[in-house]
Amino acid sequence: MAGTPAPEDAYTAEPFVAQGGSLAALREAAAGCRGCPLHRAATQTVFGTGPAPARLMLVGEQPGDQEDRQGKPFVGPAGKLLDRALAQAGLDPAQAYVTNAVKHFKFTRAEPRKRRIHKAPSLREATACGPWLAAELALVEPELIVVLGATAGKALLGSSFRVNQVRGTVLEEEIHGRPERLVPTVHPSAVLRADDREQAYEGLVADLKVAVSALGPLK
Ligand code: URA
Ligand code: SF4
């Protein structure tokens, strides 16, 4: 007899998302998400952190090794670089709500027991995880979203998103029925991997300054 399909076969977080709840309730529900297979190998769900509502929301790709261990977004090397760039652009990271398009760490290992190597999430996984991002957006109600890299861009704006075509500009799009303003930029990990890191870093800061001007004075 064909059994009931496992929830992860459906590739959607939808059945796990608590409707109409608080951010705390949402975070608790996300801890038990099995909406796609990524929860199996990862340590824990890494949900967004920060105030809600918040004027600014930052959306990354997925947790990395450190984030997977600590359960918080952007606490590893990419997060350190991002915090530095935000401060330089005049943004206090503590005032922003920070999250990722995908809430579980996807990785491979070159050999058993060796270091875990980041693997980009597929569009299918990012789409499965989308209901969490939509629920966060509804509660955070940001005035501006900073989109960090291609995965976040595709998750929010569709698969035709190309970061280099729109980075450092203010986009106005309807997302899940709400008009949103977004400033896309490169992912901080791409800065860490760039041949010319300094130039890539300055590019990130310049894009973040566009976000600061679009937001107006921050208190
Ligand atoms: N990269 C991301 O996109 N998110 C994190 O939380 C850490 C690294
Ligand atoms: Fe659920 Fe997202 Fe984790 Fe997949 S990656 S199990 S959809 S929280």
Side-chain angles (χ1 to χ4, degrees), residues 5-18 23 25-50 57-86 93-94 96-108 115-137 145-156 161 163 167 184-194 200-201 204 207-208:
E8 51 262 50
D9 291 345
Y11 269 89
T12 176
E14 198 67 65
F16 300 93
V17 179
L23 198 62
L26 208 59
R27 180 177 290 114
E28 203 180 309
C33 186
R34 301 190 309 283
C36 82
L38 291 186
H39 71 91
R40 292 195 202 133
T43 308
Q44 59 190 314
T45 305
V46 179
F47 205 67
T49 54
M57 179 156 158
L58 302 170
V59 184
E61 183 195 65
Q62 64 164 344
D65 179 81
Q66 288 297 317
E67 289 78 14
D68 173 77
R69 293 171 200 272
Q70 296 183 39
K72 293 195 195 98
F74 284 110
V75 290
K80 300 237 154 51
L81 183 135
L82 177 62
D83 280 355
R84 194 153 60 84
L86 286 166
Y97 184 85
V98 182
T99 193
N100 286 300
V102 172
K103 267 64 172 170
H104 275 107
F105 178 37
K106 184 177 181 183
F107 60 91
T108 51
R115 187 170 78 79
R116 303 186 298 176
I117 303 161
H118 163 277
K119 205 168 171 217
S122 66
L123 191 59
R124 194 174 183 207
E125 288 150 353
T127 305
C129 213
W132 294 119
L133 190 57
E136 287 174 298
L137 262 175
I145 304 168
V146 169
V147 181
L148 299 164
T151 299
K154 288 178 201 288
L156 287 163
F161 175 86
V163 68
R167 63 176 295 184
T185 186
V186 290
H187 193 283
S189 297
V191 175
L192 291 171
R193 285 192 309 264
Y201 177 77
L204 171 63
D207 292 349
L208 293 174

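Just so you know, ligand 1 is whichever comes first in the structure, and atom 1 is the first atom listed for that ligand.
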### Task
Could you tell me which atoms of ligand 2, counted from 1 in the order shown, lie closer than 4.0 angstrom to a heavy atom of Lys103?
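Once the distances to Lys103 are compared, the set is 8 (S).
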### Message
With nothing but distance in play, are any N or O atoms of Ser189 less than 3.5 Å from an N or O of ligand 1?
### Response
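No, there is no polar N/O contact under 3.5 Å.
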### Query
Which pair of non-hydrogen atoms, one from Val191 and one from Ala200, has the smallest distance, and what is that distance?
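That closest heavy-atom pairing would be CG2-O, 3.9 Å.
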### Message
Check whether Gln62 reaches the backbone of Lys106 with its side chain - one donor and one acceptor, N or O, closer than 3.5 Å.
### Response
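Side chain of Gln62 to backbone of Lys106, a donor-acceptor pair under 3.5 Å: yes, one is there.
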### Message
What I want to know is whether Ala78 and ligand 1 share at least one N or O pair that is separated by under 3.5 angstrom.
### Response
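No - when backbone and side-chain N and O of Ala78 are compared with those of ligand 1, no distance drops under 3.5 Å.
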#### Entry: Contact summary for Val17 and Pro131, nearest pair of heavy atoms
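Closest heavy-atom pair between Val17 and Pro131: CG2-CB, 3.8 Å.
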### Task
Identify the two heavy atoms, one from Leu133 and one from Asn100, that lie closest to each other, and give their separation to 0.1 Å.
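What the structure gives for the nearest pair is CD1-O, 4.3 Å.
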### Query
Of the non-hydrogen atoms in Thr108 and Lys119, which two are nearest, and what is the gap between them?
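Smallest heavy-atom distance, with atoms named: CG2-CD, 3.2 Å.
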### Query
Can you tell me if Lys72 has a non-hydrogen atom under 4.0 Å from ligand 1?
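No; Lys72 lies far enough from ligand 1 that no heavy-atom distance drops under 4.0 Å.
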### Message
Only heavy atoms of Val102, strictly under 4.0 Å: list the atoms of ligand 2 that pass.
### Response
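Counting atoms of ligand 2 from 1, those under 4.0 Å from Val102 are 5 (S).
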### Task
Write out the residue and atom name of the closest protein heavy atom to atom 3 (Fe) of ligand 2, then the distance separating them to 0.1 Å.
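Looking at atom 3 (Fe) of ligand 2, the protein heavy atom closest to it is His104 ND1, 2.1 Å.
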### Query
Does any N, O or S atom of His39, backbone or side chain, fall under 2.8 Å from atom 4 (Fe) of ligand 2?
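No, outside the cut-off.
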### Query
Of the protein's non-hydrogen atoms, which lies at the shortest distance from atom 5 (C) of ligand 1, and what is that distance?
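It is Gln62 O, 3.4 Å.
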### Query
Hey, are His104 and Glu125 close enough side-chain-wise for a donor-acceptor pair under 3.5 Å?
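The criterion, which ignores hydrogens and geometry beyond distance, is not satisfied for His104 and Glu125.
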### Query
Counting from 1, what ligand 1 atoms have a heavy atom of Pro73 closer than 4.0 Å?
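Within the 4.0 Å cut-off of Pro73, ligand 1 contributes 6 (O).
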### Message
Under 2.8 Å from atom 2 (Fe) of ligand 2, can any N, O or S atom of Cys129 be found?
### Response
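It does: Cys129 brings an N, O or S atom closer than 2.8 Å to atom 2 (Fe) of ligand 2.
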### Query
Short check: any N/O/S atom of Cys33 below 2.8 Å from atom 1 (Fe) of ligand 2?
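So Cys33 counts as coordinating atom 1 (Fe) of ligand 2, yes.
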### Query
Can you list the atoms of ligand 1 that are under 4.0 Å from a heavy atom of His187?
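Ligand 1 atoms under the 4.0 Å threshold to His187: 1 (N), 2 (C), 3 (O).
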### Query
Hey, does Glu136 have a side-chain heavy atom less than 4.5 Å from the side chain of Val59?
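In short, these two side chains do not touch, never coming nearer than 4.5 Å.
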### Task
Check ligand 1 against Gly60 and write out every atom of the ligand that is under 4.0 Å from a heavy-atom position of the residue.
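Selected atoms, number and element: 3 (O).
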### Per-atom contacts of ligand 1 with Glu61, taking only distances under 4.0 Å to non-hydrogen atoms
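What qualifies from ligand 1 is 2 (C), 3 (O).
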### Task
Note the single closest protein heavy atom to atom 4 (N) of ligand 1, along with its residue, its atom name and the distance in Å.
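Here the closest protein heavy atom is Asn100 OD1, 2.7 Å.
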### Region of Trp132 engaging ligand 2 - heavy atom pairs below 4.0 Å
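Side chain only.
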### Message
Can a donor-acceptor pair be found, under 3.5 Å and without considering hydrogens, that links the side chain of Thr45 to the backbone of Ala30?
### Response
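It does hold such a pair.
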### Query
What protein heavy atom sits nearest atom 6 (O) of ligand 1, and how far away is it?
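Of every protein heavy atom, Phe74 N, 2.8 Å lies nearest to atom 6 (O) of ligand 1.
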### Message
Has Gln44 got a side-chain atom pairing as donor or acceptor with Arg69's backbone, closer than 3.5 angstrom?
### Response
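Yes: the side chain of Gln44 pairs with the backbone of Arg69.
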### Query
Are Leu26 and Phe47 close enough, and set up right, to give a side-chain contact (heavy atoms from CB on, under 4.5 Å), and what steps lead you there?
CA-CA 9 Å; Leu26 208 59; Phe47 205 67; 3.8 Å; yes
### Query
With no hydrogens and no angle check, is any side-chain donor or acceptor of Glu67 less than 3.5 Å from a backbone partner on Gly76?
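Flag set: sc Glu67 to bb Gly76 pair under 3.5 Å.
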